[in-house]
Number of protein chains: 2
Amino acid sequence: MMESDLTALDAARMCKALGHPARIGILRQLLREERCICGRIVEVLPLAQSTVSQHLKVLKDAGLISGEVEGPRTCYCADRQRLAALAAALSAMLSPCREEQR
Amino acid sequence: MMESDLTALDAARMCKALGHPARIGILRQLLREERCICGRIVEVLPLAQSTVSQHLKVLKDAGLISGEVEGPRTCYCADRQRLAALAAALSAMLSPCREEQR
DNA sequence: ATCACTTATCGTTGAATTACGATAAAAACT
DNA sequence: AGTTTTTATCGTAATTCAACGATAAGTGAT
């Protein structure tokens, strides 16, 4: 047992965070390059730095990415485990015989 | 090959639709009872009929449920295939060796 | 034809989201 | 100390969302 089940609320929070093309793009980029500084993402996306920073915050608050300060910059990483948990939770919704989830 | 790949935009649209606890609840209910009339969902959720109807529309526009009129009522069904496609798309994001998606 | 029932839509309100530029804050360099 | 670099935060405007009650529109029964 992995104890990574999500509550419906947690799943909703994550989905909400993923519910914007820019944030999907950021997550993609983070998965592609493993580690990314904010500025790198700003390079890739057609958005202002402040906007990207806000999107990063949303993703972080949802637990989909982590960011650690490294000197003057902040290095972001995708949380693959959490993303996997979300995918699993959606799949689990489909299986007919599942125990009640909170 | 199943040709059910999602564009990032489509995935974002679906996630956005799932990004509200009420809509997760509606989808759950629909998966539990297979077919549900709008009124049935109104019974289960603590929301006004008009609000539920709106949420149903959002889910339908995202392609996560379908609804067909049956006389005076409308019968809704979860689109398991689409939900599975979303779960698969999220999982696919995690696998390192994947072809470019649009 | 009228009535009851069911659901979608309209109109409205308040709250949240999205985007941006400007600014602040922290670290590294000269 | 001052400058540069990098990022988070603030303030703001425009848009969208969420919720509700009221209403309309459709069907079926009396």
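The shown structure was predicted, so the numbers you read here are calculated from the model rather than taken from an experiment. Just so it is clear: chains get the letters A, B, ... in the order the sequence lines come, proteins before strands, and each one is counted from 1.
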Just the rounded figure in Å: distance from C1' of C/dA19 to CG of A/L56.
15 Å
Decide side-chain contact (heavy atoms from CB on, under 4.5 Å) for A/Q29 and A/E43; before the verdict, give the C-alpha distance in whole Å, the side-chain angles of both, and the deciding distance to 0.1 Å.
CA-CA 11 Å; A/Q29 174 65 20; A/E43 277 176 11; over 6 Å; no
What is the distance, to the nearest angstrom, from the CD1 atom on B/I26 to the P atom on C/dT7?
13 Å
Side chain A/R80, main chain B/L94, donor-acceptor under 3.5 Å
yes
Can you see if the side chain of B/Y76 gets near the phosphate of C/dT6 - specifically, an N or O under 4.0 Å from OP1 or OP2?
no
Quick one: does B/V44's side chain get under 4.5 Å of B/I26's, heavy atoms only?
no
Close approaches to DNA chain D from residues 63-74 of chain B, in residue order (heavy atom, under 4.0 Å)
B/G71, B/P72
For B/A12 against A/P21, the heavy-atom pair lying closest together:
CB-N, 3.9 Å
Heavy atoms, side chains only, cut-off 4.5 Å: are A/E68 and A/T74 in contact?
no
Are the side chains of B/H55 and B/L47 in contact, using a 4.5 Å heavy-atom criterion?
yes
Can you list, in residue-number order, the parts of residues 34-41 of chain A that come under 4.0 Å of DNA chain C, counting heavy atoms only?
none
Report the distance from atom NZ of B/K57 to atom C1' of C/dC10, rounded to the nearest whole Å.
13 Å
Is it true that B/D61 and B/K16 make a salt bridge, defined as a side-chain N closer than 4.0 Å to a carboxylate O?
no
Heavy-atom closest contact (A/L90 atom, B/L18 atom, distance):
CD2-CD1, 4.2 Å
Exercise: identify the closest heavy-atom pair between A/C77 and A/E34
SG-O, 3.6 Å
Closest non-hydrogen atoms of A/Y76 and A/G67, given as atom of the first, atom of the second and distance, are CD2-CA, 3.6 Å
Could I get a table of every N or O pair under 3.5 Å where one atom is in the protein and the other is in nucleotides 18-25 of chain D?
{"residue": "D/dA18", "atom": "OP2", "partner": "B/R23", "partner atom": "NH1", "Å": "3.3"}
{"residue": "D/dA19", "atom": "OP2", "partner": "B/H20", "partner atom": "NE2", "Å": "3.4"}
{"residue": "D/dA19", "atom": "OP2", "partner": "B/H55", "partner atom": "NE2", "Å": "2.7"}
{"residue": "D/dA19", "atom": "N7", "partner": "B/Q54", "partner atom": "NE2", "Å": "3.3"}
{"residue": "D/dC20", "atom": "OP2", "partner": "B/A48", "partner atom": "N", "Å": "3.0"}
{"residue": "D/dC20", "atom": "OP2", "partner": "B/T51", "partner atom": "OG1", "Å": "3.0"}
{"residue": "D/dG21", "atom": "N7", "partner": "B/S50", "partner atom": "OG", "Å": "3.2"}
{"residue": "D/dG21", "atom": "O6", "partner": "B/S50", "partner atom": "OG", "Å": "3.3"}

